[in-house]
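Contents: one structure, followed by commentary.
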There are 2 protein chains.
Amino acid sequence: MPSDAIRAALIERLRLSSAIADEDIKEIEALPISVRHYPAETAVVRDGERATDCCLIADGFCARSKTIANGKRQILSLHIPGEIPDLMSLFLHVMDHDLSTLTPATLGFISHETLQKLHRRRPGIAELFWRDTLIDAAMFREWIVNVGQRPAPARLAHVMIELRERLRVIGRVDGGNFEMPLTQEQIGEALGITAVHANRVIRQLRQEGIVELNRGRVTVLDERKFQELADFDDRYLHQSPTL
Amino acid sequence: MPSDAIRAALIERLRLSSAIADEDIKEIEALPISVRHYPAETAVVRDGERATDCCLIADGFCARSKTIANGKRQILSLHIPGEIPDLMSLFLHVMDHDLSTLTPATLGFISHETLQKLHRRRPGIAELFWRDTLIDAAMFREWIVNVGQRPAPARLAHVMIELRERLRVIGRVDGGNFEMPLTQEQIGEALGITAVHANRVIRQLRQEGIVELNRGRVTVLDERKFQELADFDDRYLHQSPTL
DNA sequence: GCCCGGTTCCAACAAAAGTTAAGGACGCGA
DNA sequence: TCGCGTCCTTAACTTTTGTTGGAACCGGGC
């Protein structure tokens, strides 16, 4: 993938949640990006490491996670093309969590130095990126609610719909059908349940004719029931630049 | 409380996690702040509302929370004097959660307009505040892990130690003794468990001689066991400006 | 084709957490 | 001082989730 296409994905996504000045777009288009390919299930940056670049997902899925003393892992967020999952490292230099690929992925790296300079030159872009990190935080808040208050089937439905609504924006939803390339183990880690229970929940939703999950693809069977179960309100994604 | 003291608390806290230029301190000291008093258990800003100011806690405890369709509430974070719990509203104008007082509180309001202008004039301050919102997000990540992966007793211990380490910075810890002014109902909402179960867990920790919780005060009985249970690593608080 | 490792799937049992219900402590205001 | 409301406390019972262990499936490499 040419690095132009990468930039385009970023701009398209930013545009969705913020209004951007034309000159700022030109600046973003001129950003030096170095592209690297990763296999599936590979660490990009690890908890405790000091980051010097931010990475823009050009292709593939990534996830952020933390592992605690007893070895259990919690997935904190899923990330799709056009996103910068470790933008926070710009000011929180030493990582407090892991960022890794779920699928084979193409990532574009932009150095912190370049970004810092750009921000000083164009405060509008700084605000754009700042807002992006704030939306990131808003998603964490909803994730807390999901894990803390919803029963397991609703948790799964909610994560699915969040992912779908974000994929929709980048044109990756085909009817009631979209990608969610996680193993049941990983789904458990995302929902705060065990893999065995994740399997039970998936089976239950399939048996109830709500949603089907098969080899990393989600197929919605009954949209009404699905939405009702998920209790999803997209406001927290802040996808509208209208404020 | 005079509004000077409020500013001092903010600066002291920011200083702890970032290096600040002297002129920037002067700017912050010159910020116009309007002070207001709130009773306990009162909403400051509500989910869905459009905020025009950010609020700085001068005195008292606050909490952020979200309430879902079935009426269950999840507490997302606790806030103490010197913090700006709704800084995110600067760029995410319509609130996606509630901010309310836990105790009677004194809050200082700073208008978004003032802050925006200040940021354009002094990018260093913008970065300071940006970093502050990133630490906020780091705390949400840890909260997800807490609710998602730790058994209930460890969750409680972890929230307690997080609160203690933050209170310590503002000189509010007296030996093994600090304030945590939540009802058991609220503790349950913070940990993602019911009030009944929260009570069970509190009792258990008391019986095991680990920690005592009495009328909003925490008394640590066995520091070693307490830390071991909590599995607490303060890195995510990013309290050191050394990066 | 066949083996191999990682998934998926499932059942039986154990543990953790939710629900319901009710008594007791405590502070506050009439 | 009494009465009321809020919070705390506890018990008994139910439901959800975790644990263990194993079988079936699937894709890739030999």
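Convention: sequence-line order gives letters A, B, ...; per-chain numbering from 1. Since this is a predicted model, take the numbers as computed values, not measurements.
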Measure from the side-chain heavy atoms of [X] and tell me the nearest of [options].
| X | options | answer |
| --- | --- | --- |
| Arg215(A) | dT19(C), dG27(D), dC8(D) | dG27(D) |
| Gln184(A) | dA11(C), dT17(D), dT8(C) | dT8(C) |
| Arg200(A) | dC8(D), dG18(D), dA12(D) | dG18(D) |
| Arg155(B) | dG18(D), dC9(C), dA17(C) | dA17(C) |
| Lys72(A) | dT19(D), dG18(C), dA17(C) | dT19(D) |
| Val196(B) | dG18(C), dA11(D), dT9(D) | dA11(D) |
| Ile193(B) | dA17(C), dA11(D), dT8(C) | dA17(C) |

Any base atoms under 4.0 Å from [X], or only sugar-phosphate, or nothing? Heavy atoms, all strands.
| X | value |
| --- | --- |
| Thr183(B) | sugar-phosphate |
| Ala195(B) | nothing |
| Gly216(A) | nothing |
| Gly188(A) | nothing |

Side chains of [X] and [Y] in contact at under 4.5 Å (non-hydrogen atoms):
| X | Y | value |
| --- | --- | --- |
| Arg200(B) | Ile193(B) | no |
| Leu107(A) | Ile57(A) | yes |
| Leu163(B) | Ile80(B) | yes |

Quickly, which of Trp143(B), Phe226(B), Phe232(B) forms a ring-ring contact (aromatic ring centres under 6.0 Å, His included) with His158(B)? Name it, please. Phe232(B)

Could you state the [atom1]-[atom2] distance from [X] to [N], rounded to the nearest angstrom?
| X | N | atom1 | atom2 | value |
| --- | --- | --- | --- | --- |
| Arg203(B) | dC7(D) | CZ | C1' | 15 Å |
| Glu189(B) | dC7(D) | CD | C1' | 14 Å |
| Glu185(A) | dG18(D) | CD | P | 12 Å |
| His197(B) | dA21(C) | NE2 | C1' | 19 Å |
| Ile202(A) | dT17(D) | CD1 | C1' | 15 Å |
| Asn199(B) | dT9(D) | CG | P | 5 Å |
| Gln149(A) | dT17(D) | CD | P | 13 Å |
| Asn214(B) | dT9(D) | CG | C1' | 13 Å |

Checking side chain to side chain donor-acceptor pair (under 3.5 Å) between Gln149(A) and each of Arg73(B), Lys66(B), Gln74(B), which is the one that passes? Gln74(B)

